[in-house]
Amino acid sequence: MEPNASNPAPHTASSRPILRRGHTYGSVTEQISAVVLTRPTPRSWMVGFAIGFVLLMMLLVAVTYLFYRGVGIWGVRVPVAWGFAIVNFVWWIGIGHAGTLISAILLLFRQEWRTSINRFAEAMTLFAVACAGMFPLLHLGRPWVFYWLFPYPDTMRLWPQWRSPLVWDVFAVSTYATVSLMFWYVGLIPDAGSMRDRARHRFARIFYGILAMGWRGAATHWHRYKIAYLLLAGLATPLVLSVHSVVSMDFTIGIVPGWHTTIFPPYFVAGAIFSGFAMVMSLTIPVRKIYGLEDFFTIRHLDNMAKVLLATGMMVSYGYLMETFIAWYSNSPFEIFEVMNRAKGPYAFFFWMMIACNVLAPQVFWFRKARRNIPTLFIVSIVVNIGMWLERFVIVVVSLHRDFIPSAWRMYYPTFWDWATLFGSVGLFLTLMFLFIRLLPMISMFELREQVAEQVEKGEPKP
Amino acid sequence: MNLTTKPSLHGLLAEFESADSVLAAARSAYADGYRKMEAYSPFPVEGLDEAVGLHHSRLPLIVLMGGIAGGLTGFGMECFAAMYHYPINVGGRPLFSWPAFIPVTFELTVLFAAISAVLGMLALNGLPKPYHPLFNVERFVLHGHDRFFLCIEATDPKFDGEETKKFLERLLPKGVYEVEP
């Protein structure tokens with residue numbers, strides 16, 4: 001037997017580099033900081049930012065009119081009192097989950113491929129949570145007293161109702177937003193130091209200098225920094241699971257058919273990660289092309305993300321299957337009617353679209369060719385984003401519009417202002433995302449330098 | 001006493017090109033008896049913290065305390081509000097409905113622990129620090145790029161301008177610079 005034959009080195013996907021070989025500490029720093037500091041702003045950035053900004057202005061108009069007239073400008077009518085606002089809230093907060101998953105859970109599992117995409121995904125989380133957090137407040141009949149949601153020493157001697165999942169949600173989402181912000185910022189401190197020292201313009205030096213807070217890469221600082229980062233990852237991990245579980249409890253506590261099921265928390269978490277990875281993919285594919293970052297956002301990243309999409313898509317499909325099964329198994333006429341109404345009722349088109357987007361579309365990722373084909377990846381990721389929005393629409397609207405007594409049934413039709421707020425929130429997200437790409441290093445430079453050091457250790461040519 | 005040891009000097013800074021060389025330099029400086037020193041690197045280098053004499057940090061304890069404080073705050077607040085300050089009788093159900101109090105308790109545990117992790121890390125590291133003498137050395141900006149530095153500070157009892165400089169030069173650095181305070 002040949003000595004090599006017993007131990008063949010399989011050229012699998014995992015042996016592909018997560019960073020193109022031949023990079024040095026200097027070259028990764030240079031290439032990533034140059035996007036912000038020296039390279040001219042690409043035309044496509046201008047176009048993208050302009051689109052985002054116009055949509056953001058539309059959001060401001062929609063919100064101003066909402067505060068002026070009240071929630072009656074939306075299509076919400078009893079029994080469908082939770083319309084687009086809650087659909088959008090759940091959609092956005094779900095998108096956020098992929099960022100935390102990538103930055104925290106994959107860090108704990110030592111999935112090194114996360115390095116190039118974690119900063120980007122965390123920024124996405126932050127902005128998605130910002131979009132999400134807006135909706136419950138807009139949805140309040142009296143948004144100016146939103147602070148009643150928090151426990152504070154008020155003169156009416158009132159307290160929040162601790163037994164209500166809506167109050168849990170306030171704590172879950174605000175904790176999630178705070179922890180995500182801190183995690184992202186802590187990850188940024190050393191890179192802000194590099195940017196401060198590389199920037200030429202006085203204003204840029206001051207800007208990055210303030211962000212870096214005097215970071216100078218001291219060994220003792222790195223020691224505490226790594227501990228803090230690891231602990232934050234450990235703390236953010238249960239958060240990922242808890243936030244969307246709590247969101248799902250907003251539904252499950254209600255006795256509405258289609259909501260009152262125990263599968264909701266895990267099924268919501270899987271759906272959140274599913275939609276979040278789709279969004280990361282939709283964003284990284286154009287960005288790597290425009291900025292020529294194919295060395296860092298490699299085909300292996302896309303391949304891995306496609307696998308995550310496939311896996312979580314299957315979990316979501318299992319959720320759909322179980323919902324249907326349990327409805328039949330419960331023998332409750334209301335539950336059975338609800339399932340039939342989803343599939344054959346007035347909103348059946350959206351249900352079947354949801355099945356096509358979330359169950360069928362990701363199946364192409366069984367094929368290696370599809371996982372490495374950029375147009376396929378991009379199209380499927382967009383389809384999944386739409387599908388997950390439809391899922392929340394089906395859960396919220398279709399369950400509510402025909403519940404128990406037929407005399408109380410009513411159709412829900414979104415108005416112009418519903419759409420304006422939805423697309424406006426997309427505008428807010430895009431604006432923040434484009435500003436982030438323009439102003440901050442979108443890939444963690446110090447973690448890439450660490451990666452270079454590891455490649456050197458593994459016997460790659462010295463940088 | 002020679003002129004370089006006057007208190008107007010922060011220390012001596014040696015520049016290295018690789019993680020291995022700065023690690024070896026820090027180790028030999030420690031072995032030579034220097035204690036007040038610090039190494040600087042563009043990314044965390046395994047073992048460099050120990051080489052300059054840091055063995056463990058109080059940070060995990062701070063985070064644990066923060067987490068416990070958060071959990072107690074959350075649970076205590078809920079019990080106080082639901083049982084004493086604003087009790088609501090819902091069909092005779094118990095006021096101490098602790099399972100319903102867990103989500104908020106959990107969230108506040110995580111929140112307080114995370115805040116203690118970040119603030120604790122910054123406080124122990126002495127950040128934010130608007131001014132640091134090292135930035136007077138022009139080459140030092142490369143610490144965030146591709147260079148590694150070792151600084152022996154003037155407050156070290158063994159520090160002596162000439163001797164320490166000679167010592168650092170024996171470690172084959174790229175250069176040795178005096179750091180103005």
Side-chain angles (χ1 to χ4, degrees), chain A residues 24-26 29-30 151 157-163 165 167-168 171-172 174-176 178-179 182-183 185-186 189-191 193-198 209-210 213-228 231-232 235-236 238-239 242 246 249 445-447 449-450 453 463, chain B residues 18-19 26 38-45 48-54 57 59-60 63 67 74 77-78 81-82 85-86 88 90 97 100-101 103-104 106-108 110-111 113-115 117-118 120-122 124-132 134-135 140-147 149:
Chain A
T24 64
Y25 304 141
T29 316
E30 208 132 310
R157 284 186 85 237
L158 289 175
W159 282 91
Q161 172 54 278
W162 304 115
R163 301 170 187 105
V167 169
W168 304 346
F171 281 85
S174 48
T175 299
Y176 187 46
T178 315
V179 173
M182 290 193 299
F183 200 26
Y185 179 60
V186 166
I189 292 172
D191 279 5
S194 294
M195 298 296 279
R196 167 199 63 202
D197 298 336
R198 296 181 63 74
I210 289 170
M213 297 196 294
W215 180 264
R216 50 194 182 277
T220 50
H221 290 190
W222 278 124
H223 173 88
R224 297 185 193 105
Y225 180 89
K226 277 178 74 176
I227 294 174
L231 288 176
L232 278 178
L235 291 165
L239 260 195
S242 82
V246 169
M249 287 173 199
M445 297 189 285
F446 84 87
E447 283 177 308
R449 293 192 288 258
E450 229 177 344
Chain B
S18 77
E38 183 65 276
Y40 302 88
S41 57
F43 56 87
V45 174
L48 197 55
D49 41 4
E50 287 187 10
V52 297
L54 180 75
S57 164
L59 191 55
V63 177
M77 174 175 67
E78 289 177 290
H85 201 229
Y86 190 49
I88 304 174
V90 186
S97 55
F101 299 162
V104 171
F106 166 77
E107 298 296 342
L108 287 186
V110 170
L111 182 66
I115 291 175
V118 175
M121 184 270 284
L122 292 177
L124 292 174
N125 282 349
L127 300 174
K129 198 168 192 77
Y131 174 81
H132 197 275
L134 281 171
F135 290 97
F140 186 68
V141 297
L142 293 175
H143 81 271
H145 191 62
D146 61 349
R147 291 302 157 92
F149 295 89

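Numbers restart at 1 for each chain; the letters A, B, ... are given by sequence-line order, proteins then strands. Just so we're clear, the structure is a prediction, and the values are computed from it rather than from any experiment.
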Q: Shortest non-hydrogen contact from B:Ser97 to A:Arg163?
A: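 That would be OG-NE, 2.6 Å.
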
Q: I would like to know whether A:Arg216 and B:Glu38 meet side-chain contact (heavy atoms from CB on, under 4.5 Å); could you show each step before the answer?
A: CA-CA 11 Å; A:Arg216 50 194 182 277; B:Glu38 183 65 276; over 6 Å; no

Q: Supply the atom-to-atom distance B:Leu124 CG to A:Arg224 CZ, rounded to the nearest 0.5 angstrom.
A: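 Here the interatomic distance stands at 5.0 Å.
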
Q: Select one option (side chain, backbone, both, neither) describing which atoms of B:Pro103 are under 4.5 Å from chain A's heavy atoms.
A: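 Looking at B:Pro103, just its side chain touches chain A.
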
Q: Where on B:Phe135 is there a heavy atom nearer than 4.5 Å to chain A: the side chain, the backbone, both, or neither?
A: side chain

Q: Counting heavy-atom pairs under 4.5 Å with chain A, which one of B:Asn125, B:Val63, B:Val141 comes out on top?
A: B:Asn125

Q: Roughly how far, to the nearest 0.5 Å, is CG of B:Leu111 from CE of A:Met182?
A: 6.0 Å

Q: Any idea which of B:Pro60, B:Ala81, B:Pro44 has the most non-hydrogen atom pairs under 4.5 angstrom with chain A?
A: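 Looking at each of B:Pro60, B:Ala81, B:Pro44 in turn, B:Pro44 comes out on top.
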
Q: Where on A:Leu231 is there a heavy atom nearer than 4.5 Å to chain B: the side chain, the backbone, both, or neither?
A: side chain

Q: Will you find, in the side chains of A:Arg198 and B:His145, an N or O donor that is under 3.5 Å from an N or O acceptor?
A: yes

Q: Is chain B contacted by the side chain of A:Pro190, its backbone, both, or neither, given a heavy-atom distance below 4.5 Å?
A: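 Contact with chain B involves no heavy atom of A:Pro190 at all.
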
Q: Under 4.5 Å heavy-atom distance to chain B, tell me which part of A:Gln161 shows up: side chain, backbone, both or neither.
A: side chain

Q: By a 4.5 Å heavy-atom criterion (distance strictly below it), what part of B:Ile115 contacts chain A: side chain, backbone, both, or neither?
A: both

Q: Mind running side-chain contact (heavy atoms from CB on, under 4.5 Å) on A:Asp197 and B:His143 for me, showing each step along the way?
A: CA-CA 9 Å; A:Asp197 298 336; B:His143 81 271; 3.0 Å; yes

Q: Can you tell me how far apart CH2 (A:Trp222) and CG (B:Asp49) are? Round to the nearest 0.5 Å.
A: 12.0 Å

Q: For the backbone of B:Pro42 and the side chain of A:Arg449, can you confirm whether one donor and one acceptor N or O come within less than 3.5 Å of each other?
A: yes

Q: Between B:His85 and A:Trp159, how do the two ring planes meet: parallel, tilted or perpendicular, split at 30° and 60°?
A: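 Answer is perpendicular, since the angle exceeds 60°.
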
Q: When rounded to the nearest 0.5 angstrom, what distance separates CD1 in A:Ile189 from CE in B:Met121?
A: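 So the CD1 of A:Ile189 and the CE of B:Met121 are separated by 4.5 Å.
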
Q: Donor-acceptor pair, distance only, cut-off 3.5 Å: does the side chain of A:Trp215 make one with the backbone of B:Leu127?
A: no

Q: If we define contacts as heavy-atom pairs under 4.5 Å, which of B:Ala117, B:Ser41, B:Gly74 has the most with chain A?
A: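 Top count of heavy-atom pairs under 4.5 Å with chain A: B:Ser41.
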
Q: Let me know if A:Thr220 has heavy atoms under 4.5 Å from chain B in its side chain, its backbone, both or neither.
A: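 Backbone plus side chain of A:Thr220, per the 4.5 Å heavy-atom cut-off to chain B.
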
Q: Working note: B:Asp146 + A:Thr29, criterion side-chain contact (heavy atoms from CB on, under 4.5 Å); need CA distance, chi angles, decisive distance, verdict.
A: CA-CA 8 Å; B:Asp146 61 349; A:Thr29 316; over 6 Å; no

